[in-house]
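What follows is a single structure, written as structure tokens, with notes after it.
Counting starts at 1 for both ligands and their atoms, in listed order.
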Amino acid sequence: MRAIQIVTTRLSSCLRPIRLEFVSSSSPQLFSNTRRLLCTAAATKSNGGRSGSIVAPLVANEEGEEVQKIDVNPPKGTRDFAPEDMRLRNWLFNHFKEVSRLFGYEEVDYPVLETEALFIRKAGEEIRDQLYCFEDRGKRRVALRPELTPSLARLVIQKGKSVSLPLKWFAIGQCWRYERMTRGRRREHYQWNMDIIGVPQVTAEAELISSIVTFFKRIGITASDVGFKVSSRKVLQEMLRKYGVPETLFGRVCIIIDKIEKIPIDEIKKELGSTGISEDAIEQLLQVLSVKSLDDLEDVLGGAGEAIADLKQLFSLAEKFGYSEWIQFDASVVRGLAYYTGIVFEGFDRKGNLRAICGGGRYDRLLPTYGGDDIPACGFGFGDAVIVELLKEKNLLPELGQEVENIVCALEKDLQGAAATVATTLRSKGQTVDLVLESKPLKWVFKRAARINARRLILVGKTEWEDGSVSVKVLSSGEQFQVKLNDLE
Ligand code: HAM
């Protein structure tokens, strides 16, 4: 017991409070366990409340047994989804799914764990440094996916000629990035993706943006809340060609340019210079990025080219789809992934408080980089975190309570079986039922009915049940009547 007192004192003097109860013995083993406890608790403190140790600290429970005290927080940057969070997540995902269905897309999924090589590209992307990767027990290098696009490419290549193009696929999957945590950016997030494989025309990008607009409208977000900045990587490609910069540098240059808002311009120039691009070309490249209208772009690029033609077509299609007021040309949008080749776009909040809401573009050369056929592709990713922040800001978060249509309760202990029969009958008719599984006073049952937003309370009482009936109370009106079990709908 003396040993415990010492530990308690030291814990309270230097760490956040940890409740130490009884310990079964005062053996020498206790002292080493105590030291482990202190070390682990120290790691817990320095880690902002999350344990940095593999071994959970040992504490004694009420019976005096030593048990491991786990940290009840999920790892930093990750989330639990308690029922109330899950309701919001399901609401959001149902909209993702419903929009995808409206546009005729098929749902796919891939493993969260993929081969690390799938995500290793040479262009110097930030996403590579954020990879959760490790060696598995079979000594294979694996990674938690940071995005879904490489997995999609892998599956398309695997399917080969067995699928007919174009493919229109959607997925909702958890992605992992070891990110610096900011508002709406986490280490784990879910992404809704819609992709079109096998369509080289801008009609594909135009339809993808239309599906995102459809989603926004469904959840109450308007064109005055959100917009899309659109550009084409072909703008940079045409500039690089003009200055004789080799095609092989394209991805790398795009990644450097994408960092413009994150690091000082001199750094950007230095990085671009290190690829071998001339100073003159760098100045021209940076200048073109400030262009905000297609007419000005035409002037800079010197007349028609693929970039201008694609963008003009996109803006014309936007009119036909009916979302012109949502999109604007902005040459500074390049995107941070190396594989994009054509149109790129990002959804942004017009108040400018949040990071990109969604983003995507054309990636015609990704499949060949994995050894697949040269099949054109484009798509987008839409995260589940930033949009919730925006909905909060706009007061548009839905109120989602638990919803069970009926609560069924036996009025006496020996009618528990009868209540089970009533619940089964209702469920077989498609009604949702919360069956009270213990003997509880009616006051408790009413409280529970209110909490789960039940529409009806069904009471199974002795006299009614002998007659094959139950008592039904409509909770909104207080109306009460008896119904034969067979007539219960
Ligand atoms: P991305 O821009 O890296 O693109 O991510 C797409 C979206 O995922 C972002 O706009 C944001 O909504 C969300 N997101 C990304 N990282 C985080 C994070 N750490 N925390 C919360 N949300 C995040 C891609 O991933 C591409 N693969 C999208 C794509 C699909 N392109 C073509 N098809």
Query raised in the report: Can Asn453 and Glu403 be counted as having a side-chain donor-acceptor contact under 3.5 angstrom?
Result: no
Report task. Considering the heavy atoms of Ile357, write down every atom of ligand 1 situated less than 4.0 Å from one of them. Result -> 10 (O), 12 (O)
Report task. Give the residue and atom name of whichever protein heavy atom lies nearest to atom 31 (N) of ligand 1, and the separation in Å to one decimal. Result -> Tyr340 OH, 2.6 Å
**Report entry** Closest approach of Leu289 to Ala331 (non-hydrogen atoms, all atoms of both residues)
**Finding:** CD2-O, 3.4 Å
Query - Location of contacts on Phe380 toward ligand 1, heavy atoms closer than 4.0 Å - result: backbone
Report task. Of the side chain and backbone of Ile387, name the one, both, or neither that has a heavy atom under 4.0 Å from an atom of ligand 1. Result -> neither
Report summary line: Heavy-atom closest pair (Thr341 atom, Lys234 atom, distance to 0.1 Å) is O-CG, 3.7 Å
Query raised in the report: At under 4.0 Å between heavy atoms, which part of Arg177 makes contact with ligand 1: side chain, backbone, both or neither?
Result: side chain
**Report entry** contact_flag Tyr339 ligand 1 heavy-atom lt 4.0 Å
**Finding:** yes
Query raised in the report: Looking only at protein heavy atoms, which one is nearest to atom 24 (C) of ligand 1, and how far off is it?
Result: Leu337 CD1, 3.5 Å
Requested in this report: Identify whether NZ of Lys or CZ of Arg in Arg89 sits under 6.0 Å from the centre of the six-membered ring of Tyr190 and within 45° of that ring's axis.
Outcome: yes
Report summary line: atom 20 (N) of ligand 1: closest protein heavy atom, distance to 0.1 Å, is Arg186 N, 2.9 Å
**Report entry** From Phe103, Trp192, Phe380, Phe93, residue fulfilling ring-ring contact (aromatic ring centres under 6.0 Å, His included) relative to Phe215
**Finding:** Trp192
Query raised in the report: Taking both backbone and side-chain atoms of Asn193, is any N or O found less than 3.5 Å from an N or O belonging to ligand 1?
Result: no
Report task. Check ligand 1 against Asp195 and write out every atom of the ligand that is under 4.0 Å from a heavy-atom position of the residue. Result -> 30 (C), 32 (C), 33 (N)
Query raised in the report: Out of Val344, Leu148, Thr149, whose heavy atom is nearest to atom 30 (C) of ligand 1?
Result: Thr149
Requested in this report: Using only heavy-atom distances, determine whether the side chains of Ser210 and Tyr323 contain a donor-acceptor pair under 3.5 Å.
Outcome: no
Query raised in the report: Which pairs with one or both residues in residues 359-371 pass side chain to side chain donor-acceptor pair (under 3.5 Å), sequence neighbours excluded?
Result: Asp195-Tyr363, Glu205-Arg362, Arg362-Asp364, Arg365-Asp374
Query raised in the report: Under 6.0 Å between ring centres, would you say that holds for Tyr178 and Tyr132?
Result: yes
Report task. Considering heavy atoms of the protein only, find what lies nearest to atom 8 (O) of ligand 1 and give residue, atom and distance to 0.1 Å. Result -> Gln191 NE2, 3.2 Å
Query raised in the report: What about Phe382 and Phe216, are their ring centers closer than 6.0 Å?
Result: yes
Report summary line: So the atoms of ligand 1 within less than 4.0 Å of a heavy atom of Gly359 turn out to be 10 (O), 28 (C)
Requested in this report: Look at atom 21 (C) of ligand 1 and say which protein heavy atom is nearest, naming residue and atom and giving the distance to 0.1 Å.
Outcome: Gly184 O, 3.1 Å
Requested in this report: Let me see the working for Ile277 and Tyr243 under side chain to side chain contact (heavy atoms under 4.5 Å, CB included), right down to the final yes or no.
Outcome: CA-CA 8 Å; Ile277 305 180; Tyr243 285 92; 5.8 Å; no
Query raised in the report: Any luck finding a side-chain donor-acceptor pair between Tyr340 and Arg335 under 3.5 Å?
Result: yes
Report task. Give the residue, atom name and distance (to 0.1 Å) of the protein heavy atom nearest atom 14 (N) of ligand 1. Result -> His189 NE2, 3.3 Å
Query raised in the report: When rounded to the nearest 0.5 angstrom, what distance separates CZ in Arg187 from CD in Glu179?
Result: 9.0 Å
Query - Within reach of ligand 1, part of Arg335 (heavy-atom separation under 4.0 Å) - result: side chain
Report summary line: Nearest non-hydrogen protein atom to atom 28 (C) of ligand 1, with distance, is Gly381 N, 3.4 Å
Query raised in the report: Just distances here: any N/O of Gly360 and N/O of ligand 1 closer than 3.5 Å?
Result: no
Report summary line: If you scan protein heavy atoms around atom 10 (O) of ligand 1, the nearest is Cys358 CA, 3.2 Å
Query raised in the report: Atoms of ligand 1 less than 4.0 Å from Glu179 heavy atoms?
Result: 16 (N), 17 (C), 18 (C), 19 (N)
